[in-house]
Structures are given as structure tokens and as C-alpha cells.
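What follows is a single structure, written as C-alpha cells, with notes after it.
Numbers restart at 1 for each chain; the letters A, B, ... are given by sequence-line order, proteins then strands.
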Amino acid sequence: MFNKILIANRGEIAVRIIRACKELGVSTVAVYSDADRRSLHVALADEAYHIGGSAPGESYLVIDKILDVAKKSGAEAIHPGFGFLSENEEFAKRCEKAKIVFIGPSAKAIRLMGDKITARKIAHEAKVPLVPGSEGAVSDVEASVVVDEIGYPVMIKASAGGGGKGMRLVREKGEFESALRMARSEAGSAFGDDSVFVEKFVEQPRHIEIQIIADSYGNVIHLFERECSIQRRHQKVIEEAPSSAISDRTRKKMGAVAVKIAKAVDYQGAGTVEFIMDQKQNFFFLEMNTRVQVEHPVTEMITGFDIVKWMIRIADGEKLPFKQSQIEMKGHAVECRVYAEDPETNFMPSPGTIDYLRVPSGPGIRDDSSIYSGCEITPHYDPMLSKLVVWADTREAAIEKMASALREYIVIGLKTNIGFLLRVMGEEEFKEGKIDTGYIERHPELLKPGDIDIEPVLIAAALAMNNADSVESGEQRPASNWKLYGRKLGLSGGQVL
Amino acid sequence: MFNKILIANRGEIAVRIIRACKELGVSTVAVYSDADRRSLHVALADEAYHIGGSAPGESYLVIDKILDVAKKSGAEAIHPGFGFLSENEEFAKRCEKAKIVFIGPSAKAIRLMGDKITARKIAHEAKVPLVPGSEGAVSDVEASVVVDEIGYPVMIKASAGGGGKGMRLVREKGEFESALRMARSEAGSAFGDDSVFVEKFVEQPRHIEIQIIADSYGNVIHLFERECSIQRRHQKVIEEAPSSAISDRTRKKMGAVAVKIAKAVDYQGAGTVEFIMDQKQNFFFLEMNTRVQVEHPVTEMITGFDIVKWMIRIADGEKLPFKQSQIEMKGHAVECRVYAEDPETNFMPSPGTIDYLRVPSGPGIRDDSSIYSGCEITPHYDPMLSKLVVWADTREAAIEKMASALREYIVIGLKTNIGFLLRVMGEEEFKEGKIDTGYIERHPELLKPGDIDIEPVLIAAALAMNNADSVESGEQRPASNWKLYGRKLGLSGGQVL
Amino acid sequence: MSYTLNYQGQAYKVEIEEDDKQISLEIDGKKVPVEFQKIEENLFSIIYEGKSITLGVVKKGHNLQIFLNGELYEIESVSERDKRKTSQIASGMQEIKSPMPSRVVKILTKQGDEVDVDEGVVVVEAMKMESELKSPIKGEVKDVFVNEGDAVEAGTVLLVVSSE
Amino acid sequence: MSYTLNYQGQAYKVEIEEDDKQISLEIDGKKVPVEFQKIEENLFSIIYEGKSITLGVVKKGHNLQIFLNGELYEIESVSERDKRKTSQIASGMQEIKSPMPSRVVKILTKQGDEVDVDEGVVVVEAMKMESELKSPIKGEVKDVFVNEGDAVEAGTVLLVVSSE
């Protein structure tokens with residue numbers, strides 16, 4: 001096993017990887033930007049090095065700086081996490097050149113799957129079903145032609161994209177031009193490449209993806225599917241495993257297709273093959289993510305398989321000791337991404353300081369996060385605060401557990417989507433599994449609190465004001481009654497308002 | 001399902017039960033003593049009622065008060081947790097009389113198993129192997145006679161006891177008299193009954209127990225064993241499931257015996273049959289605990305079975321839908337009880353206020369607790385702070401995960417056993433599974449920190465002193481350098497010393 | 001003590017009475033006896049009408065953030081003097097504010113333009129994501145305070161639309 | 001600034017130098033440049049000699065509790081003036097203190113008695129558990145300050161044993 005691994009990432013995924021390393025007895029090296037000196041990944045790592053400014057382009061995206069730290073610290077391998085350099089072919093190449101193991105697939109696999117147009121070709125050659133659309137990046141004029149051919153609704157997607165950035169759904173010809181402009185602009189600023197392509201939009205599609213794991217000896221297995229249909233702005237918010245929408249037969253077929261695609265590019269490590277699926281369980285290849293996925297925990301919860309540890313072991317040359325037939329799933333897992341964002345204003349990010357935090361816990365509850373009371377959520381990075389994951393024996397019980405856990409969550413100082421997530425857990429269609437990627441759009445009522453009982457809120461507000469007034473005015477007022485009251489309750493030394 | 005359940009307990013087990021109720025859609029009623037107004041179980045319950053003074057005898061043990069709250073709140077059932085009234089026959093009877101469901105076995109089963117001497121008789125009749133000893137409670141003189149007959153070492157045990165209270169191991173005749181006195185005195189104050197009995201002490205015994213679940217239709221299943229051999233003062237500190245010491249054959253035999261004992265008393269609900277086992281896997285019946293056990297989470301982790309939820313469902317009349325053959329175990333779970341106690345002074349309790357708390361989290365980690373930053377650990381109750389439970393695919397990986405999690409734990413304000421637990425996780429015999437109830441006595445070196453690196457501690461101490469000095473002296477000193485330094489790091493708004 | 005608490009434009013009057021025996025609140029005329037306790041610095045437990053409720057509370061001057069069941073409630077405590085001030089804001093006048101620290105990418109309108117309900121007026125970018133801010137009312141753009149490329153703080157008024 | 005820090009009877013001298021460029025500590029003569037940061041109110045992160053270490057820190061006057069890797073270290077910061085006082089405690093004189101709030105159940109010895117190393121001298125009860133406190137040295141019981149049945153605080157001196 002490696003002696004030391006550098007984690008070229010931040011936030012909860014860096015913390016997740018550091019924990020996996022520690023359990024494997026591997027030393028960890030963190031890197032951090034100006035904004036991240038106080039971040040949990042720095043606190044938990046064995047070593048930590050400052051690599052530059054808060055903007056990713058000045059730190060987490062600078063290959064030279066990361067490799068410098070790797071050399072200085074003697075790290076033998078680098079785990080890129082997700083985002084940042086995780087799907088950067090150049091970075092994988094530079095690691096190889098510097099004789100540092102890149103924990104992920106080959107640079108070639110990254111390149112082939114990183115460009116969505118090439119990925120479509122590979123899938124096409126492997127006879128994997130594809131959604132109709134443009135055969136590659138298109139100019140504005142070409143796009144128009146293709147769209148007129150395949151008909152609305154269509155999706156515009158960034159060629160170099162991922163995570164919903166530079167993506168636009170267009171339902172009518174009138175919206176097309178402005179949507180194309182916005183998609184290109186976003187793609188340009190996010191990926192430094194503004195090429196886009198267009199695709200037919202599948203109505204009421206479900207997003208289903210297969211987790212695959214491949215070792216360096218040609219063994220490829222899949223760990224079943226995740227359903228990630230609950231999306232806002234084309235980004236996943238709630239994920240679950242298994243999907244309640246697919247039959248065992250479809251599951252097997254999708255798994256086999258995913259393994260075929262992975263084998264087509266000599267894949268190594270953990271990867272995800274994404275599909276969209278219509279209401280009749282017809283599925284179409286979407287893309288392959290050549291890295292660990294945000295939502296990997298739901299798969300871990302139903303299989304007991306530690307994906308991050310296996311990425312490290314595989315990079316270290318270990319052989320997969322499991323056959324496909326030995327992989328079993330049990331129960332049901334749900335993940336909610338807790339974001340600093342305001343559902344009432346189209347999920348606008350809401351950075352700020354977390355003044356107070358209480359996190360749910362208990363049986364079957366896993367909270368993957370890097371936040372704490374007093375930490376700052378800066379506008380420099382993704383506003384995800386935590387991944388709250390639950391496991392229970394059935395989907396119904398998992399949803400109940402998630403609702404219960406969300407109710408225990410307390411985050412003060414910035415707006416979060418916790419209330420929204422709670423309302424989804426209680427919504428009938430969601431509970432029945434009638435979901436697709438248009439779910440949130442179809443349920444605008446979930447964006448705002450429903451009937452609220454304002455009374456306890458007013459009581460707490462008045463008590464807090466009164467407490468402060470009592471403290472400010474000191475001994476002159478009969479404010480000490482508050483204290484007296486506390487004593488009457490017989491509170492032995494407890495804090496009293 | 002019940003509409004409302006009263007939880008006649010406090011601390012982490014009350015929190016555990018409240019969470020189970022919430023997931024089942026059941027309203028929860030908490031009760032609290034003077035010392036517990038600020039406790040987490042009060043905060044999490046839907047309703048909460050004050051029942052008296054901090055001493056258990058003035059609150060949690062007062063049957064009338066608990067039943068009054070049940071009536072007032074309209075609770076249909078009472079979950080007693082462990083300790084307090086959980087194994088009190090009178091309480092079970094009074095619940096029945098008041099037409100409130102007692103979530104646990106019948107009063108008769110509690111009585112039969114509650115008295116250890118009767119329990120031994122039942123086991124004897126069921127042809128379950130027993131350790132040689134006195135046939136019931138004995139006077140001081142009788143005890144002497146029996147002990148001379150069976151020979152040293154012997155154990156003195158409280159007839160009404162449990163949890164190690166009123167229990168003493170005596171290796172030589174010279175120690176017997178004073179040990180007997182101490183055991184009687186402890187038994188008297190803990191259980192209001194100072195009768196004791198004596199038993200031959202099995203050398204290098206392992207403590208193995210079987211979790212059983214029985215519904216009200218005569219179906220009894222077991223959920224395999226837990227090994228609880230790591231004990232201090234005859235109280236469990238570290239538990240695991242499965243045991244690394246027993247063969248599948250022994251596991252089956254023990255499970256069958258446990259089911260037989262449960263059936264002998266028409267058991268209903270969750271219960272635990274405890275055995276001691278010698279080095280050759282010969283096992284002897286010790287006692288049956290007619291309640292949920294502190295260490296039940298390790299069983300939940302390897303089976304996916306929610307014991308507390310099933311206790312509630314069974315009390316509600318639900319039938320067990322599983323057959324023994326459907327119960328499977330997977331992987332390995334370890335639980336560490338984090339106590340406010342000082343291992344260096346014979347694990348003396350160390351009550352106080354928790355000034356600061358950070359709790360480990362991540363995949364496979366479950367922290368069942370009711371503590372928080374600012375909470376007070378009073379001398380009125382058991383000093384257990386938390387049950388840290390981990391699951392991994394192998395025992396080795398679980399131990400590594402536990403060590404990693406313990407290193408993430410931060411508790412300031414009182415002494416804890418975290419350092420001790422960490423040292424156990426790293427100790428060779430423990431790692432090899434060479435454990436028995438004498439393990440801690442055999443390893444006094446684990447009670448104190450080993451070679452420590454004092455340098456970072458001194459650095460932190462000096463920085464804290466310097467920071468305070470800078471703050472006190474205000475603007476006159478060049479103390480603002482601290483702040484300047486922070487700015488130099490480019491910390492965007494972060495707190496700086 | 002008496003407090004006027006504003007939540008989403010609605011004012012509630014809360015009166016706290018304390019005597020030696022108990023704490024009681026009068027909320028818009030309804031009397032509520034309350035047993036309460038501070039659990040942590042920002043965590044309050046209140047017990048009233050048989051309910052046990054835990055709320056997160058952060059007070060910043062006269063602004064309170066209260067967290068209950070996943071929802072953050074922003075409450076303003078208004079003294080009698082402040083109340084008069086508040087009512088001066090002209091009705092029908094709508095400020096379009098930046099909801100977070102961001103960069104102004106594109107201004108889609110200019111002073112004097114007529115805009116429709118939900119018509120996009122400004123595109124801002126933050127956390128690598130572009131968002132179009134829309135006018136909540138139909139009216140005339142009275143003023144534009146920023147330029148394309150500007151970095152703005154949360155709450156910065158970008159432009160004003162008037163329906164009058 | 002210079003601090004003398006006591007840990008388990010051993011004194012360490014720590015000197016903090018701050019200039020515009022960096023913070024550097026001299027510990028018993030060894031110079032250590034340190035980069036540090038307060039993460040939360042009681043959580044410090046220090047980076048030095050390539051290591052990243054997180055410690056919990058609570059300061060109560062001159063007493064510090066530092067938590068690192070499961071261990072709570074109690075450090076006393078002693079000023080030059082205090083140092084002289086501390087050294088007045090007679091060697092060979094051992095105070096038997098109550099380690100926690102408890103009740104004195106039984107006193108097993110009396111003034112003038114000779115006691116052996118590890119001989120039990122007092123039985124106290126707390127959290128429903130009896131514990132026997134032992135003499136760490138062989139010597140004579142100089143004084144007994146409590147009676148059976150007394151409730152005592154943590155740190156209360158119960159009796160004194162002297163080896164002289």
C-alpha cells in the first residue's frame with residue numbers, strides 16, 4: 001500500500017478520502033487555498049500545504065502547484081476527488097510523467113469519455129442506445145438545422161461539460177437563441193471551451209446511472225444503479241439506490257452495458273455510466289464520469305462496498321477479489337444534498353457563515369460533510385454543505401428516516417434547502433416513486449414553506465429579544481427573574497437565559 | 001401502530017427510542033428530572049414533562065409519576081429503555097393495570113429472569129450448562145461454606161443485580177470478607193436488596209451473549225452473538241459482533257440454547273441471553289437481560305435489523321415476518337463506550353461540563369449519544385457519553401475504522417476514556433482477538449498515555465496564553481500582529497487568533 | 001416588555017409578562033404560558049401547550065434568525081420609533097437586489113424601459129453559475145445602479161422598477 | 001512573550017516571537033516556526049515541520065486543557081511570581097483528594113496511623129459506585145479532614161499522608 005497520498009481537492013470529498021486513507025494506514029497530504037485554511041480537510045490531514053488564491057484557477061486547478069507539493073511531501077499517489085482536476089487528461093499525464101500514481105483511470109480513458117461527442121461514438125460502436133442529436137459540437141447555424149430536424153424539446157449541452165453547467169432545456173423555437181447564448185457563455189467560463197451540442201429531449205426522463213469498478217487486470221464489475229432524477233438546474237439534489245423504477249431484468253441489462261462501455265476504454269478505478277430512461281424502461285447512454293461521484297455513498301450503503309478505499313487499492317495494483325455474482329444489494333439508501341441555497345429564488349446560492357450547526361445522527365444515518373459551527377461558506381466553491389445519507393430496509397422506511405433526520409438538522413446563518421428537502425420527503429408522488437427530472441419544475445409548491453405555525457417562532461424571537469434587553473440593562477430591571485426562574489426549576493448549574 | 005409512546009428514560013437510549021418512534025410516525029413523550037431539562041431527549045421529543053428531583057429515586061424510578069404523565073399525555077405505550085424501571089416487575093404490572101402497553105416482556109418473565117437464582121433454576125431445567133455455585137442467595141456464613149467447596153477464584157454477585165454493580169471477584173480467602181461486605185453494600189444501595197450469591201470463577205472467560213427477539217405469537221429468533229469481553233469493573237467497555245472466538249457450530253448451539261430459554265418463560269420483545277465461555281468454547285448460562293441492551297447497535301450493524309423498532313412493533317402486536325434462516329450477518333461491528341472517566345484512577349467517573357465537542361462521522365460510523373458542546377454530565381447518572389459504533393467488512397478494517405474515528409473525537413472539559421480506547425485498538429492481543437474479561441487487568445500499560453509528543457501541546461498552550469494576553473492588553477501592544485498575520489494568509493473574513 | 005415582530009411583512013405584537021411564578025407571552029392578544037430553556041448558546045427549548053419545541057436562534061441587533069424544522073425564519077424586532085420609518089417605503093416601488101455576492105454579467109434593460117412581470121432584467125454570476133434576476137412587477141425601470149462587470153455584495157440594489 | 005508551562009510536574013519554557021513575517025516558538029531552546037489558525041472557538045489548527053495538527057483548547061485562567069488524539073492534557077501556565085509559590089509544597093507530603101463530587105462512605109484510617117503504598121485509606125461513593133482511594137506512598141497519616149457521610153466536591157483534600 002502507498003505510504004502517503006495527496007488529496008487534490010477540498011470540502012467533504014477531501015474529508016471522505018482522508019478518512020479512507022487513515023483507515024488504510026496511509027498518511028495524508030492536504031492542499032488548501034487562501035479561503036480554506038480553516039477547512040476541515042486541512043484539520044484532518046497529517047500534512048497541509050498552502051497552494052494559492054481562493055479562486056480555483058489560482059490553486060486547486062494549478063497542476064504545477066499540486067505536483068510541487070506532491071514532490072515536496074513525498075506523496076506517492078494523488079486522489080483528485082471530483083470536480084477540479086479529476087477529469088483533466090493533462091493532469092493524469094503530468095502525474096504519470098512525475099511518477100506519481102493518479103488514482104483514477106488512464107489519461108486516454110479520461111480523454112475519450114471527457115469529450116461527450118467521442119463518448120457518444122464509442123457507445124455507438126458498442127451498440128449502446130443513444131438519444132438522437134448532433135454528431136458533435138455545432139455552430140449556432142448547424143445547431144438550428146439539427147434542432148429543426150429532431151424537433152423540440154431539445155437539450156443544449158456543453159461538449160466539455162458536466163454537473164449541469166452550460167446546459168439548457170429548450171421547449172420552443174423562440175427560446176432557442178438566448179438559451180444557446182447562455183449555454184455557450186456558461187460553458188466558456190466554466191470549462192474554458194464554449195462548444196456545445198444538441199440532443200432530443202426525452203420526455204419525463206429518469207436519470208439512472210450504474211457504478212462500475214475496474215481493476216488493472218481487466219476485471220470490471222458494477223455495483224448496481226443509482227436513481228438521480230430529482231434535479232434542479234440539471235444538478236442532482238436527491239439520489240437513491242436502488243431505483244424503484246427498474247425491473248431486475250433492466251438492472252441486469254444496464255449493468256452489462258455499463259461494463260461493456262468501461263471495457264471499451266480499458267477503464268480502471270471507479271466510474272459511472274449515466275443513462276436517461278423513459279417511462280417504459282428504455283434507456284439511452286448519456287455520458288461516463290471518470291471519477292468518484294458525489295452520490296457514491298448510496299451505493300456504499302446498499303452494498304457495503306467502500307468505493308473510495310477500492311479506488312486506492314486498485315491504483316495500488318490490487319486485484320478485485322469479487323465476482324459480479326458475489327455483489328449483493330440490501331435495503332434502500334437515500335441521499336439528500338444539503339445546499340446553502342434559497343429554493344424560493346430559483347435555488348440561488350447563499351454563501352455566508354454558519355453561526356450554529358447541529359447535525360442529525362443515529363442508526364442508519366451518515367452525514368458526509370466538512371462544515372462546523374463557525375465555518376464560512378465562501379462564494380468561491382460549490383455551495384454544498386453536506387450529503388445526508390440514510391439506509392433502511394425499505395424505500396418507505398428510508399424516506400421516513402430521511403425526513404426524521406432532516407428535522408434534526410439545524411443550520412443557522414445562511415439559507416439552506418433543508419425545508420425544501422423535507423417537503424419532498426412528504427410529497428405523495430415522490431413517496432410513490434413517480435419521479436423524473438422534471439419533478440421539481442412540476443412541484444413549485446415545494447419551493448416555499450406550506451402552512452407554518454408561526455407561534456413558536458415568535459415565542460423564541462421574543463424570548464431572545466427579552467434576554468438581550470435584560471442583559472443590556474443589567475441589574476436595574478427585574479431581569480434576574482429569568483435567572484430566578486431557572487433556579488426554581490432546580491437546574492443544577494445549567495445555563496439559564 | 002401506537003399514536004403516542006412515553007419514553008421512561010433519559011440520555012442516549014431515550015434519544016435512540018425517540019428517533020425510532022419518529023421514523024415509525026409515532027408521537028413521543030419525554031420525562032425529565034431537574035438535572036435533565038437541557039438534555040437532548042427533551043429537545044427531540046414532541047412533548048416533555050418534568051417529573052421531579054435529579055436523584056433517580058425522585059424521578060425516573062417513581063412509577064406513579066411516570067404513569068401520571070402517560071395518562072395526562074394520552075400515551076398508549078411506555079418504552080423503559082435500559083436501567084431505571086426497565087426490569088422492574090412492579091412497573092410492568094402497574095402499566096398493565098393502567099391499560100398502557102409496557103414495551104417489553106410480561107411481568108412474569110421479568111420476575112423469573114430478574115432474580116438470578118430463579119433464572120439459574122429455569123436454565124437448569126432446560127438443560128442449559130451452568131457454572132457451579134450456591135443454589136440461591138446466601139448468608140455470609142453459607143457463602144463461606146460454598147466457596148470452600150467450589151474453591152477460589154469465586155465471584156460474588158448481587159441477586160437483584162446487573163451492570164456489574166454489587167459484583168466482586170475474589171481470588172484469595174483473605175480478600176473474601178471485605179469483598180462480601182462491599183458487594184452487599186453496593187447491592188443494597190443500587191437495588192434496595194443486599195442479597196448475594198457466589199459462583200466459581202471461570203478462568204480467562206469470554207463474555208458472549210445472544211440477542212433474541214420474540215413476538216407475541218410464540219415466534220422466537222436470535223440475531224447471533226455479541227462479544228463483550230473487554231470489561232472494566234465487570235462493566236462492558238468494548239463490544240463487537242460477531243465474536244472472533246466462536247465457530248459456526250458453537251454459534252448455532254448458543255443461539256438454539258438462547259431461544260430455548262426465551263421460550264421457557266414465554267418471552268416477548270427483545271432480550272439478551274448472556275453466557276461465559278472458556279477458551280475451549282464451552283459456554284455456561286450467566287443471566288438473561290429482559291430489555292434492550294446498551295450494546296444492541298453492533299447487532300443492528302451486522303444484520304440491518306432495527307431492534308428498537310421491532311420492540312415497538314411487537315408490543316403493538318405485529319408478527320415477526322422473518323424466519324431464523326432468513327437472518328444473515330455481514331461484516332463486523334465494534335462499539336466503544338465513551339465514558340467521562342479517568343482510566344488512570346481505576347476508571348473513576350469524571351462528571352463536569354463539556355466545554356467543546358466534535359464528533360467523528362463518515363461511512364460506517366454511528367455515534368449514539370445525547371451530548372453536545374455545553375452540556376453538563378452530572379454525577380446523578382451513568383457517566384457514559386456516547387456509544388461510538390463502526391461497521392466494516394472485516395474485523396481488522398472495523399478496528400482501523402474505530403481507531404480513526406476515535407482520533408477524530410474531541411471532548412474538552414472533563415476526563416474521558418478515549419485515549420484508553422485508542423490504545424486498546426492498537427494493542428496486539430486485542431487486534432488478534434485474544435481477549436477475555438481479564439484483558440484490561442492484564443494490560444495496565446493501556447491505562448496511561450504511552451510515549452507522547454508534548455511539543456504540539458505546548459505550542460497550542462503557548463498560543464492560547466499569548467492570544468489571551470494580547471486580547472487583555474488591548475491596542476497598546478503589537479498584539480495586532482496576530483491579526484496582521486491572518487490577513488497575510490489572505491483569510492477572507494475568517495476568524496484569526 | 002412588549003415587542004413588535006415582523007415576519008414577511010406581517011407584524012405581530014408579543015408581550016412578555018414575568019412574575020415570580022411563570023413566564024407568559026401574549027401573542028396578538030392570545031395568552032401563552034411558556035416554560036423555556038437555553039440548551040446551547042444558539043439553541044432554545046420551549047415547552048408550551050404540551051409541546052416540546054427546539055429552535056435555533058441567532059440574534060444580530062434587531063434581526064433574528066430562527067430555525068425550526070428545516071426552515072430559517074427571518075424576524076425583525078421593530079421598536080415603536082422604527083415602525084414609523086418602515087412605513088415610508090413607497091408602495092409599487094420594487095428594488096432588484098443581488099441575493100448574494102456576485103458579478104454583474106449582463107444588464108438586460110436600461111432606465112426608462114418598460115418591463116413585464118417575470119421579465120429578466122439583470123444576469124449575475126456567482127459560484128460559477130449564471131442566474132437571471134427577474135422583475136417581480138410590471139413597470140418602468142427608474143434607475144440602474146450598476147455596470148456590467150461590477151462585483152456586488154449580497155443585498156446591493158441593482159436597479160429599481162416602479163409600477164406607478 | 002515568555003511562558004513557563006507545567007505538565008505533570010515538569011516545567012517547559014516557551015518563548016513566542018512575533019515579527020511581521022512569522023510566528024516562531026522557542027521550546028526549551030529549540031526554535032519552531034509555526035503557522036496556526038483558530039478553527040472554532042476552542043479548536044486550533046497548527047502547521048509546523050510539515051505536520052498538520054488539530055487540538056482542542058480550553059483556557060480557564062492559568063489552567064489550560066488541551067485535547068489531542070484522545071488525551072486531555074492539563075497544562076498550567078506559571079508566571080515567575082507563581083513559580084516561587086509552587087515550590088513551597090513540601091516533598092514527601094501527599095494529599096489524598098476526592099477525584100470527583102462524591103460521598104465519603106468509610107474512612108479506613110485515622111491520624112497517626114502508618115499506611116503502606118497502595119493501602120486503602122478512604123472509600124467514596126459516586127454515580128452509585130464505591131471506590132477505595134489508596135495512599136500513593138508509605139507514610140504516616142498527618143490529618144483527616146472529613147467525616148463518614150460527608151458530601152465532598154472534586155478536589156477536596158480528604159487526608160494527608162507524609163513520608164517524613
Side-chain angles (χ1 to χ4, degrees), chain B residues 3-7 10-11 14-15 17-19 21-22 26-51 54 68-75 353-359 369-378 412-413 492-493, chain C residues 16 18-25 30 32-61 63-73 98-103 124-129 150-156:
Chain B
N3 288 309
K4 200 182 270 188
I5 291 177
L6 184 149
I7 295 93
R10 63 175 301 283
V15 169
I17 297 164
I18 289 168
R19 285 176 173 149
C21 289
K22 293 203 167 192
V26 177
S27 275
T28 49
V29 179
V31 290
Y32 62 95
S33 71
D34 285 344
D36 276 337
R37 173 63 183 87
R38 290 168 66 230
S39 292
L40 202 59
H41 74 287
V42 175
L44 290 181
D46 299 308
E47 300 176 38
Y49 297 88
H50 178 241
I51 51 163
S54 301
D68 271 358
V69 172
K71 277 173 214 159
K72 185 159 65 176
S73 63
T353 299
I354 295 182
D355 293 311
Y356 180 72
L357 174 71
R358 194 182 69 189
V359 164
S369 86
S370 63
I371 58 172
Y372 52 84
S373 288
C375 81
E376 212 196 339
I377 307 303
T378 70
I412 296 194
S492 52
Chain C
I16 298 193
E18 346 165 10
D19 66 33
D20 211 43
K21 288 257 168 55
Q22 69 164 39
I23 308 286
S24 147
L25 288 88
K30 180 192 168 198
V32 190
V34 173
E35 207 270 84
F36 70 98
Q37 189 62 222
K38 210 163 150 176
I39 298 185
E40 287 187 67
E41 189 47 38
N42 295 294
L43 202 58
F44 280 40
S45 164
I46 61 176
I47 298 181
Y48 81 105
E49 292 178 351
K51 290 173 282 191
S52 172
I53 297 174
T54 307
L55 307 98
V57 179
V58 172
K59 181 177 170 297
K60 290 173 179 168
N63 294 307
L64 293 147
Q65 290 189 327
I66 313 255
F67 188 93
L68 175 61
N69 279 337
E71 238 29 88
L72 189 69
Y73 298 90
S98 170
M100 53 170 306
S102 50
R103 198 173 56 83
V124 294
E125 190 236 282
M127 287 168 158
K128 289 191 287 177
M129 198 198 65
D150 281 6
V152 294
E153 290 300 305
T156 303

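Between chain C and the residues B/A48, B/S73, B/C375, B/S27, the largest count of heavy-atom pairs under 4.5 Å involves B/A48.
Both the backbone and the side chain of B/A43 have a heavy atom closer than 4.5 Å to some heavy atom of chain C. Contacts between C/I46 and chain B at a heavy-atom distance below 4.5 Å involve the backbone alone (N, CA, C, O).
Proximity of C/F44 to C/I53: side-chain heavy atoms (C-beta onward) are nowhere separated by under 4.5 Å.
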Margin query: Using the rule given for side-chain hydrogen bond (donor to acceptor under 3.5 Å, both in side chains), can you reason through B/T28 versus B/D46, listing the C-alpha separation, both sets of side-chain angles and the distance that settles it, and then say yes or no?
Written below: CA-CA 5 Å; B/T28 49; B/D46 299 308; 3.2 Å; yes
Next item on the list: Report the C-alpha separation of C/K30 and C/E49 in whole Å, then their side-chain angles, then the decisive distance to 0.1 Å, and conclude whether the salt bridge (charged side-chain N to carboxylate O under 4.0 Å, His left out) test is met.
Entry: CA-CA 13 Å; C/K30 180 192 168 198; C/E49 292 178 351; 3.3 Å; yes
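Rounded to the nearest 0.5 Å, atoms CG (B/L44) and OG (B/S39) are 10.5 Å apart.
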